Structures are given as C-alpha cells and as structure tokens.
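Everything numeric here is computed off the predicted structure, so don't read it as measured data. Protein chains get the first letters and strands the later ones, always in sequence-line order, with residue 1 at the start of each.
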Amino acid sequence: MDIKVVLPDGAEKLIGKGTKVKEVLKDFLKKDTLGARFNEKIVDLETPISEEGTFGKLLTPEDPESLELLRHTAAHVMAQAVKELFPEVKLGIGPTIENGFYYDFDYERSFTPDDLKQIEKRMKKIIKKRYPLVREEISKEEARKLFTELNEPYKLELIEEIPGDTVSIYRQGDFVDLCAGPHLPHTGWVKAFKLLSVAGAYWRGDENNPMLWRIYGTAFFNREELEAYLKKLEEAKRRDHRRLGKELELFSIEEEVGPGLILWHPKGALVRKIIEDFWKEEHLKRGYELVVTPHIARRHLWQISGHLDFYAENMFAPMKIDEVEYQLKPMNCPFHILIYKSRRRSYRELPIRWCELGTVYRYERSGVLHGLMRVRGFTQDDAHIFCREDQLEEEIFKCLDLTVYFLSTFGFKEYQIFLSTRPEKYVGDEAIWEKAEGALRKALEDKGLAYEIDPGEGVFYGPKIDIKIKDILGRFWQCSTIQVDFNIPERFNLTYIGEDNQRHRPIMIHRALLGSLERFFGVLIEHYAGAFPVWLAPVQAIIITVADRHIPFAERIFERLKGAGIRVKPDFRNEKLGFKIREAQLQKIPYMIIIGDKELENEALTIRTRKGENLPLMSVEDFIARIEEEVSAKTFN
RNA sequence: GCCGGCGUAGCUCAGCUGGUAGAGCAGCGGAUUCGUAAUCCGCAGGUCAGGGGUUCAAGUCCCCUCGCCGGCUCCA
C-alpha cells in the first residue's frame, strides 16, 4: 500500500509503506546527511516510514538536533565496547540525556577509572571501523528468541513493555541492541567523546531492583565542542557554592553539628539579612502580614494535619516533654492555621495572607544531602493564603506576579514552569479540582508565562505550580512552588462566615517563592560565582592604602562611607598595593578604593572595580551616590 | 537508605611495594612604606576522621562507625 509524503523540496511522493528514509530521500542525501525531521520527530536514514507526513530539514552535524543521534549512537558504541571487554555484562538501558548519554550494565563489580580508559580505547576502535547502524523491525517472538540467545534478561523485560507486535533493533558489527533509534548512519560519526563517571543506579530506578553500573559520557561532532563542554564542567566546579562558601566565608557545615545543618557565617548571614529585609518589605507592601511560630509543637498537631500519615518518613523523631510528645516542625502550615482558628473569621477578612520565614526540619536520607541545596534544616519563605473560591484565581496571579518580581530582581529571568494536575489518589471533589487547575492555568496565561503540564503529578491535596530557575550555566533549580490545598482546611475544620451568615470552607494556598533561603542562597552564589551585585554584596567597598602616611585620610573616607550606610572595610595593612588588591579581588569585593598621594592631593577617590577597570577620579559624594543608586535600583553588575 | 570513591596542618595537596609525617598558601614574629592579582626572612602548626584488629613495626593492610564526593530514589 502506498502512502503520500511531502519531500523537503515540497514535492509530494507516493512511497510503499515501510520504505526506509534513505530510500525515500535518496535524491536529497548528501555526504553529511545524518537524519531528517519528519512530522516534528527526528528520524534516521534507517527508519521505515509508515505514516503520511512531511519531511522537514535534513540533519547534518551542524544541527543541534543531531546531537541526539550522535549521543545515542555513542551509547551503543560504549555498550559494544563494554560487551567486548566484559562479555558477562548484561545490558540495561542506554539513553541520551541533557548533556550526553549513559548506559547501565549489570556486572559483578564496579568499573574503575582504568576500565573506563580501556572502554574508551575500544570505543575508538569501533568508531574507526565505521560500522553502519542497521535497523531491523522484527516480531516480538523473534526478539525474545534473539535476546534469550544473547542472555540479556533486562532486554527481555523491556520487550514485554513495548506496545505493538514488532520491535526495532539496531546492529553495528557484531553488536545488536533493542532500540527505537534514531542513530547515526555509521559509528565513524562519533567524532569526539569522553566517558565521565560511573555510578550505581537501580534497574528502572526502583530500589527494590538490582543495582546496575551506570557509565556516563558525552559526545560531540568535533573536539572543540567537547573541549568547550569539559571547560564548562570546570567552570561549574569553580562556581560550586560549597567551595565559594568556604573561600568567601559565607557558611559552613560542621561534622560536629551534623550533616545538612548550616552555620551561616557573618558574611553569609549579612547577605541573608538583606534578602530577608527585602522580602519582608515587599510582602508588607503587597498585603501580607508577618507571623512568627515555634519550631516544635505537640505531635498531635501533625496527626490532625495528616503529616504523620503521608510525611512521617521525612520527619525527625518525636521527643517527650512532660509525658507529651512534641515534634520538630517539617512545615509551617498548621501554625498558621491555628492562628486562623484563634477566632471566628468573616468573609470580609478574606483573603488573609500570612507570611513567615519559617525554619523547618526534615529528615532527608543521608545520601541526598548536598551543600546548601539539600539540607535538613532550612528556612522557607513561606506564606499561606486563606481565600474564598472566587478569589482563588486572583490570589494565584498575585503569587505568580510576586514570584517573577523576586526572581527577576535577583537576576533570574528564565524559568521552567510545571503545572501539576490531579493525581490518581486525591481528596476533594473533581469539580473543585478542575476549578483550581483552571485558576492556576489562567493565572499562568494572564502572566504570560509558558508552562508544561505534568499530568497526575499534583499532590493529593491539590494542584500546584512549580517553578525552576535557570542559572547562568543553564542549569535549572527548583525554588518556587504554589500549591492549592483543599485538604487541610477540611482537616482543621476551617470556616468563615459568609455574606449569607452561613459557615463556609476557605481554600488555602501554600506558597514559597524563593523556596528555601539556604537553597536560594546556594543558587545565588553559583549564579554570580560569588561576585554578588552591589545591593547584596556583604562588603561593597574596601579602602586600600598605598602607604602608612595615607591612613589618616583613608580613615576619614572610611568614616564618611560607613556613615552613609555603605558596607565598607578598611585594609590599612602594611602590604604592597598589588597584594591587597589581589585579596580584595579574590573576595570579589565590588569596589576597591585606592588611597595614595594622588588621592590625598586631590581630595578624591580612585576606584578600581572587581572587573579590573579604574573609574575616573571622583569625589566621595559621587561615589556614595553611585552606590546608593545601584543599591536602590538593585542592578546586577 | 543503596552503590562506588574519598577523608594526611586552617586550605590545596605529596607521602612508592608497611620502617616512627612533608610542601605551598593561610597564621604568628621581624624587616620593607611600596600605585592596581602574591616583598623578603624566620617561627609555629598534625592522637594522618574516630574506634578496633593483623604485625617486631600501620598514614600505608583488614573490620566497624562517622563524615564528604559522584550517582540512584526523593525533594524547598
């Protein structure tokens, strides 16, 4: 049976169903044609066409989409190399990931760095051979037979989960793999690759399954791009907040204190204070009220809230005080709820917006802790909004508006936004879920934010919006979350008296915009590589004397700046100028004020910025005005 | 929690196949008074993560515990 396809030049062509792309496009193929776009999908030259559609552009190594083919093939090449070197190995899966690929192997022991070298060597051989990747469609029956012979139990498991009667396999040389593709035409196209690390990974991500060895790698079409990527990894290391946190004396985590518990050092605490002040001020401006609640409460409270039922494994063990069990709080919401309940509420009061920088403690499994990003004690920039159903949409819009205001002020302009909808297990009725989901969606659209829907990923008590921010290296971090809750008002029997003089149930919104101050600070450190913008910098300026005779003048300047509220430090040590500049530079202090003979004579300042430029000689007043301007505008420099 | 790796002076790291710890930076003392990323000299600093074992002898080998790193799972 023939089907109609549109070729890249716009012409239509009738082809037999199942004709391979390389046949269909044979008049268009060039030496560097790797694949093509077909109906929004990427297909390789081996793919059989079985539906009508339109071919888009042909893919060459220049196209970013081609990396998908390349890395997928690189994963196969790696698997082939591993099978050749370690024939007992059983194959798991080997997909491409954001910056490369991996393959999971079942083997009696881990792979060593030395093994990786051997594998890389063998891969190079395979690449040199330029084995064509040949695709075959075979019946599941044949596939079962093939992978039984090959003794690949994991592949057999996969076959059973593929819909339809046939599966595709790709061969290269003697190597066969169950694979949907797409792939490069031959292994020779894997021009530049590197194996990066080995780690244990459960089969299918389930800790009840056996652990396989996952080898990570990356691949590019040329050496330069590979080098650039490796350099980026280095850069990420250089920006690592754990390293900068130590170097800049921002925070530390001490073994004697315990894992996942943060000590904020003076400079870090100062940055935190600036963030907190800004946060509180802005919340008050926007109709929030501040509340403050304790760190522990009777465990009973968590029974009512339901946390003991669904959150117990993340809570610290209870403690007994005067025969009553108390609990370190993992959430702030029950406290805010009890404030709500402290008296009768009228519909006229709603919406009520209560915010708190509330420190919570959650038991995180030891293996997941990571610097400031994943800790056991952290401060949420939390708030709970109690509102009527008809206010929900506007309140969510306001939350989003505030989120974007904060995030963009801190320098994050790109987001990944997810709207999570009703899961299988849920509370509340369907109608209200739909209403809430609609409200979330509408708010996102009104705010002009692009989002993806995560179907069924909502929490059981209500739908939510999660926002991830993109840092300067293109990595995403989950910070903001806005969650609608139909459950907890019910559990605590929250009511308000409506216009009709009847009791009604308010809806609650939980929201954290920065997420946790710890994580947000970590992201900030990495985003700015420790060089905080002037408004956030713990030290905004340092005064550096050239020689001792300049100290009296420098002292006067110091007092003036300090008096003007500038965070300034003196460096009047008897050291060479270059030495003191180097230290200030390493501390990433935005402005270095150099005081020598010239400045003394002119009663003016020479300013060196941390970018290495010298500003023209300026008066103290001008410098103060400059900093004040940058602080109030919260500029990014 | 699971898997692998790691844990030597405040920091970064040497210390080969077991023979009683070493460098640079930081710190302290002194000299130097100097113009844009490291002035010179000297001094001090370590129950080699903690505990147990093997051995004539352990930083080095074995076991346990703690912590860190990279993943898996989970999440602000």
Asker: Need one value for A:Glu364: base, sugar-phosphate or nothing, where a base atom within 4.0 Å counts as base even if backbone is also close, heavy atoms only.
Answerer: base
Asker: Looking at every strand, decide which applies to A:Phe378 at a 4.0 Å heavy-atom threshold: base, sugar-phosphate, or nothing.
Answerer: base
Asker: Would you say a side-chain N or O of A:Arg608 is under 4.0 Å from OP1 or OP2 of B:rA37?
Answerer: yes
Asker: Take the protein atom CZ of A:Arg549 and the nucleotide atom P of B:rU33, then report the distance between them rounded to whole Å.
Answerer: 11 Å
Asker: As a test of reading the structure: which of B:rG71, B:rU36, B:rG35 is closest to the side chain of A:Ile581, going by heavy atoms?
Answerer: B:rU36
Asker: Atom CG of A:Asn208 to atom C1' of B:rC72: distance rounded to whole Å?
Answerer: 13 Å
Asker: Expressed in whole Å, how much space separates the P atoms belonging to B:rC25 and B:rC61?
Answerer: 31 Å
Asker: Does the base of B:rG1 carry an N or O that pairs as donor and acceptor with the side chain of A:Tyr363 under 3.5 Å?
Answerer: no
Asker: Looking at B:rG1, which nucleotide sits across from it as a Watson-Crick or G-U wobble partner, both distances under 3.5 angstrom, or is there none?
Answerer: B:rC72
Asker: From NE2 of A:His241 over to P of B:rC69, roughly how many Å is that when rounded to an integer?
Answerer: 8 Å
Asker: Taking atom CD of A:Glu98 as the centre, report whether more than 12 heavy atoms of other residues, nucleotides or ligands fall under 6.0 Å from it.
Answerer: no
Asker: What does A:Asp597 touch in the nucleic acid at a heavy-atom separation under 4.0 angstrom: a base, only the sugar-phosphate, or nothing?
Answerer: base
Asker: Taking atom P of B:rC74 as reference, at what distance in whole Å does atom CZ of A:Phe310 sit?
Answerer: 17 Å
Asker: Heavy atoms under 4.0 Å, any strand shown: does A:Thr606 hit a base, just sugar-phosphate, or nothing?
Answerer: base
Asker: So, OP1 or OP2 of B:rA76: does either fall under 4.0 Å of a side-chain N or O from A:Thr481?
Answerer: no
Asker: Rounded to whole angstrom units, what separation is found between the CG atom of A:Asn602 and the C1' atom of B:rG35?
Answerer: 14 Å
Asker: For A:Phe86 and A:Phe111, take the angle between the two ring planes, folded into 0 to 90°, and tell me which bin it lands in: parallel under 30, tilted 30 to 60, perpendicular over 60.
Answerer: perpendicular
Asker: Remember a base hit wins even if backbone is also touched, and classify A:Lys580 as base, sugar-phosphate or nothing at under 4.0 Å, heavy atoms.
Answerer: nothing
Asker: Tell me what A:Gly200 touches on the nucleic acid: a base, only sugar-phosphate, or nothing, going by heavy atoms under 4.0 Å.
Answerer: base
Asker: Please give the nucleotide sitting opposite B:rU55 as a Watson-Crick or G-U wobble pair, both distances under 3.5 Å, or none.
Answerer: none
Asker: Considering only atom C1', compute the distance from B:rU55 to B:rC69 and round it to an integer number of Å.
Answerer: 33 Å
Asker: Taking any heavy-atom pair under 4.0 Å as a contact, classify A:Glu575: base, sugar-phosphate, or nothing.
Answerer: base
Asker: Can you find a donor-acceptor pair, distance only, under 3.5 Å between A:Arg374 side chain and B:rC74 base?
Answerer: yes
Asker: A:Leu369 or A:Leu514: which one's nearest nucleotide on RNA chain B is closer to the 5' end?
Answerer: A:Leu369
Asker: Parallel under 30°, tilted from 30 to 60°, perpendicular over 60°: which one fits the rings of A:His241 and A:His370?
Answerer: tilted
Asker: In whole angstroms, how far is the C1' atom of B:rA76 from the OH atom of A:Tyr415?
Answerer: 17 Å
Asker: Can you tell which of B:rC72, B:rC68, B:rU36 lies closest to the side chain of A:Pro259?
Answerer: B:rC68
Asker: Is it the case that B:rG35 (base atoms only) and A:Glu599 (side chain only) share a donor and an acceptor within less than 3.5 Å, ignoring hydrogens and angles?
Answerer: yes
Asker: Base, sugar-phosphate, or nothing: which does A:Asn314 touch, judged by heavy atoms less than 4.0 Å apart?
Answerer: nothing
Asker: Would you indicate what A:Leu586 reaches in the nucleic acid, counting non-hydrogen atoms under 4.0 angstrom: base, sugar-phosphate, or nothing?
Answerer: base
Asker: For B:rU39, give the paired nucleotide (Watson-Crick: N1-N3 plus N6-O4 or O6-N4; G-U: N1-O2 and O6-N3; both under 3.5 Å), or none.
Answerer: B:rA31
Asker: If I compare all heavy atoms of A:Pro455 with all of A:Thr421, which pair ends up nearest, and what's the gap?
Answerer: CA-OG1, 3.2 Å
Asker: If only side-chain N and O atoms count, and only distance matters, is there a donor-acceptor pair under 3.5 Å linking A:Thr293 with A:His336?
Answerer: no
Asker: Please report the distance separating the P of B:rG22 from the corresponding atom of B:rG59, rounded so that it comes out in whole Å.
Answerer: 13 Å
Asker: Could you tell me whether the phosphate oxygens of B:rC72, OP1 or OP2, come under 4.0 Å of any side-chain nitrogen or oxygen in A:Tyr216?
Answerer: yes
Asker: Would you call the rings of A:His307 and A:Tyr311 parallel, tilted or perpendicular if under 30° counts as parallel and over 60° as perpendicular?
Answerer: perpendicular
Asker: May I have the distance from A:Ile542 (atom CD1) to B:rU36 (atom C1'), rounded to whole angstrom?
Answerer: 14 Å
Asker: Mark yes or no for a side-chain to base donor-acceptor pair under 3.5 Å between A:Arg362 and B:rC74, with no hydrogen or angle criteria applied.
Answerer: no
Asker: Kindly write out the residues that satisfy salt bridge (Lys or Arg N to Asp or Glu O under 4.0 Å) with A:Glu249, not counting sequence neighbours, or none if the list is empty.
Answerer: none
Asker: Given the C1' atoms of B:rA14 and B:rA23, what is the spacing between them in whole Å?
Answerer: 7 Å
Asker: Using the P atom in both, what is the distance from B:rC48 to B:rC11, to the nearest Å?
Answerer: 15 Å
Asker: Looking only at atom C1', what distance separates B:rG70 and B:rC63, rounded to whole Å?
Answerer: 25 Å
Asker: With a cut-off of under 6.0 Å to the ring centre and 45° to the axis, is A:Arg71 in cation-pi contact with A:Phe101?
Answerer: no
Asker: Within the 4.0 Å heavy-atom criterion, would you say A:Val375 contacts the bases, only the backbone, or no part of the nucleic acid?
Answerer: base
Asker: Can you tell me, in whole Å, how much space there is between the P of B:rG42 and that of B:rG4?
Answerer: 49 Å
Asker: Provide the Watson-Crick or G-U wobble partner of B:rA14, both distances under 3.5 Å; none if there is no partner.
Answerer: none
Asker: Categorize A:Trp477 for me: base, sugar-phosphate, or nothing, with a 4.0 angstrom heavy-atom threshold over every strand shown.
Answerer: nothing
Asker: Applying the side-chain contact (heavy atoms from CB on, under 4.5 Å) test to A:Ile593, which of A:Leu615, A:Ile544, A:Thr545, A:Ile543 qualifies?
Answerer: A:Ile543
Asker: How is A:Gly367 classified with respect to the nucleic acid when contacts are heavy atoms under 4.0 Å: base, sugar-phosphate, or nothing?
Answerer: base
Asker: Hey, does the Lys NZ or Arg CZ of A:Arg272 hover above the aromatic six-ring of A:Phe251, less than 6.0 Å from the centre and inside 45° of the axis?
Answerer: no
Asker: Ignoring the backbone of A:Ser110, work out which of B:rG4, B:rG35, B:rC66 is nearest its side chain.
Answerer: B:rG4
Asker: Take A:Ser366 and A:Lys464, find for each the nucleotide of RNA chain B with the closest heavy atom, and name the residue whose nucleotide sits nearer the 5' end.
Answerer: A:Ser366
Asker: Contact class for A:Gly596 vs. all strands (heavy atom < 4.0 Å): base, sugar-phosphate, or nothing?
Answerer: base
Asker: For B:rC48, what is the paired nucleotide under Watson-Crick or G-U wobble rules, both distances under 3.5 Å?
Answerer: none
Asker: Just to confirm, is there a sub-4.0 Å distance from OP1 or OP2 of B:rG70 to any side-chain nitrogen or oxygen of A:His370?
Answerer: yes
Asker: Measure from CD on A:Gln587 to C1' on B:rA26 and round the result to the nearest Å.
Answerer: 12 Å
Asker: I'd like the P distance from B:rU65 over to B:rC72, given in whole Å.
Answerer: 25 Å
Asker: Contact class for A:Val198 (heavy atom, under 4.0 Å): base, sugar-phosphate, or nothing?
Answerer: nothing
Asker: Hey, is the side chain of A:Arg242 poking within less than 4.0 Å of OP1 or OP2 on B:rG70, counting only N and O atoms?
Answerer: yes
